[in-house]
Protein chains: 2
Amino acid sequence: MLCPGPRPRNAAATRTAILDAARERFAAESYDDVGMRDIARDVGVDAALISRYFGSKDDLFLAALDSCGDGSALMSGEKADFGRRVAHEIVFEPKKAEKLKGMSIMLRSIGSAKASEMVQNTCTQRFFGPLEDWLAGPDATVRARVLAGFLMGMSVSRELGGGSFDLEPAECERMRDRLAPILQGLIDG
Amino acid sequence: MLCPGPRPRNAAATRTAILDAARERFAAESYDDVGMRDIARDVGVDAALISRYFGSKDDLFLAALDSCGDGSALMSGEKADFGRRVAHEIVFEPKKAEKLKGMSIMLRSIGSAKASEMVQNTCTQRFFGPLEDWLAGPDATVRARVLAGFLMGMSVSRELGGGSFDLEPAECERMRDRLAPILQGLIDG
DNA sequence: GACGCTTGTCAACAGGCGTTGACAAAGCCA
DNA sequence: TGGCTTTGTCAACGCCTGTTGACAAGCGTC
């Protein structure tokens with residue numbers, strides 16, 4: 001992404017480049033571990049420019065979180081095979097499951113005091129809420145909480161394995177087969 | 001805990017006091033957010049003393065994690081009513097569920113680059129491993145991964161609600177009733 | 001009582017952080 | 001061409017962090 005020579009003067013492009021880089025960084029590292037200078041280096045720009053465009057680091061974090069949209073990627077597709085589909089993605093396509101980039105950002109920084117409040121607000125508004133509406137049926141609120149927690153928990157579990165579940169191929173299949181009915185049960189009500 | 005006057009000279013007591021304070025701090029805040037001076041203030045001691053007793057902040061963090069023991073608190077009691085018992089604790093007695101203080105510490109700091117490696121190692125050795133042995137039966141590894149992830153996910157979900165699930169009393173009961181069979185299913189194999 | 005080891009305090013260091021204001025250069029308009 | 005605004009860079013600030021070495025005081029031992 002980095003080109004030699006002076007950066008072309010284009011405020012809009014630079015701004016979105018900063019936002020993109022911030023989204024990637026915050027999805028990969030915690031709020032505290034991401035430095036303004038890191039993001040600036042990714043874009044090939046001076047860190048001072050970020051402050052001018054986005055205000056504070058908090059504002060940039062919020063903008064990055066906002067730019068991820070809601071959890072609609074999760075809620076697309078047929079409800080009938082949600083369990084099997086999502087279980088497959090969790091086990092075999094972690095990157096695809098990460099189309100919920102906002103969830104990655106939230107998980108990374110939920111422990112950070114400075115970021116946790118922003119994460120909580122965004123999560124309830126853009127994740128729990130839509131999920132609850134989409135689930136509908138009896139106990140939608142409860143099922144949304146459990147489902148969201150379950151998905152995040154599997155992410156944490158994978159993270160604790162160092163990026164994978166560290167299982168044999170045959171075990172992966174059996175894991176998928178165990179996850180699917182649990183997920184589907186929460187969908188069906 | 002703080003007493004006026006000079007601190008009595010007692011290395012062993014001071015050391016354990018520091019360790020206790022560190023355990024509490026790291027269970028409540030992330031590795032990055034906890035400062036040596038914070039812990040020192042809790043104990044009523046100078047921060048320099050911690051470095052002398054424990055070496056580096058990393059060493060202190062590891063010692064705090066070690067001092068939590070393994071997850072045996074989770075694995076005590078009858079397997080037959082594990083689901084109901086743990087579901088009840090998750091929903092109604094979050095503090096009791098936190099007897100797994102080690103899990104709180106791991107969850108707080110899993111996002112931090114400096115702490116994540118230590119967390120990963122400790123988790124696999126002292127949490128996944130014993131859990132797997134205890135579960136036994138078919139697919140013990142897989143079930144341990146899913147169960148551990150599920151428990152952590154519910155913790156995260158509660159955290160995102162700002163410390164509670166933010167549910168009506170009746171909803172809490174229904175949540176418990178939904179969690180119990182999922183948990184029990186993972187126990188029974 | 002004087003020595004020596006232990007226990008604790010204090011001040012300071014180097015390094016990193018987010019943020020700021022002054023400055024340079026590019027592009028636009030008259 | 002001359003001025004003005006926009007876009008980006010640079011150096012520096014103040015603050016906070018973990019860690020260190022020098023110093024003070026308690027305590028056992030000769």
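Protein chains get the first letters and strands the later ones, always in sequence-line order, with residue 1 at the start of each. Just so we're clear, the structure is a prediction, and the values are computed from it rather than from any experiment.
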Which residues pass the salt bridge (charged side-chain N to carboxylate O under 4.0 Å, His left out) test with B/Arg23, sequence neighbours left out? B/Asp20

Only pairs at least two apart or in different chains count here, so list each ring pair (Phe, Tyr, Trp, His ring centres under 6.0 Å) that has a residue in residues 27-50 of chain A. A/Tyr31-A/Phe61

For B/Phe92, enumerate each residue passing the ring pair (Phe, Tyr, Trp, His ring centres under 6.0 Å) test, keeping only those at least two apart in sequence or located in another chain. B/His88

What protein N or O atoms touch nucleotides 4-6 of chain C N or O atoms at under 3.5 angstrom, if any, and at what distances?
from: C/dT6; atom 1: O2; to: B/Arg9; atom 2: NH1; distance (Å): 3.3
from: C/dT6; atom 1: O2; to: B/Arg9; atom 2: NH2; distance (Å): 2.3

Are any of the side-chain nitrogens in A/Asp38 or A/Arg41 under 4.0 Å away from the carboxylate oxygens of its partner? yes

Protein and nucleotides 12-16 of chain C: nitrogen or oxygen contacts under 3.5 angstrom:
none

Take atom CZ in A/Arg84; do more than 12 heavy atoms of anything else shown fall under 6.0 Å from it? no

Are the side chain of A/Ser72 and the backbone N or O of A/Met75 linked by a donor-acceptor pair below 3.5 Å? no

When the distance from CD1 of B/Ile18 to C1' of C/dG8 is rounded to whole Å, what number comes out? 10 Å

Ring pair (Phe, Tyr, Trp, His ring centres under 6.0 Å): pairs with one or both residues in residues 137-189 of chain B, sequence neighbours excluded: A/Phe150-B/Phe150

In whole Å, I'd like the distance from the CZ atom of A/Arg41 to the P atom of D/dC10. 14 Å

Among all residues two or more places apart in sequence or in another chain, which pass the salt bridge (charged side-chain N to carboxylate O under 4.0 Å, His left out) test with A/Asp81? A/Arg85

A/Asp46 CG to C/dA25 C1': how many Å, rounded? 15 Å

Provide the full list of side-chain hydrogen bond (donor to acceptor under 3.5 Å, both in side chains) pairs with a residue in residues 159-171 of chain B, sequence neighbours left out, each pair given once. B/Arg108-B/Glu159

A/Ser109 side chain vs A/Ser112 backbone, donor-acceptor pair below 3.5 Å: no

Sequence neighbours excluded, every pair satisfying side-chain hydrogen bond (donor to acceptor under 3.5 Å, both in side chains) that has a member inside residues 113-130 of chain A: none

Residue-level proximity of residues 105-118 of chain B to DNA chain C when a heavy atom falls under 4.0 Å: none

Near-strand residues of residues 48-59 of chain B, defined as heavy-atom separation under 4.0 angstrom from DNA chain C: B/Ala48, B/Leu49, B/Arg52, B/Tyr53

Do any N or O atoms from the side chain of B/Arg158 and from the backbone of B/Ile90 form a donor-acceptor pair under 3.5 angstrom? yes

With sequence neighbours left out, the residues meeting ring pair (Phe, Tyr, Trp, His ring centres under 6.0 Å) with B/Phe128 are none

For atom CG of A/Asp32 and atom P of D/dG18, their distance in whole Å: 12 Å

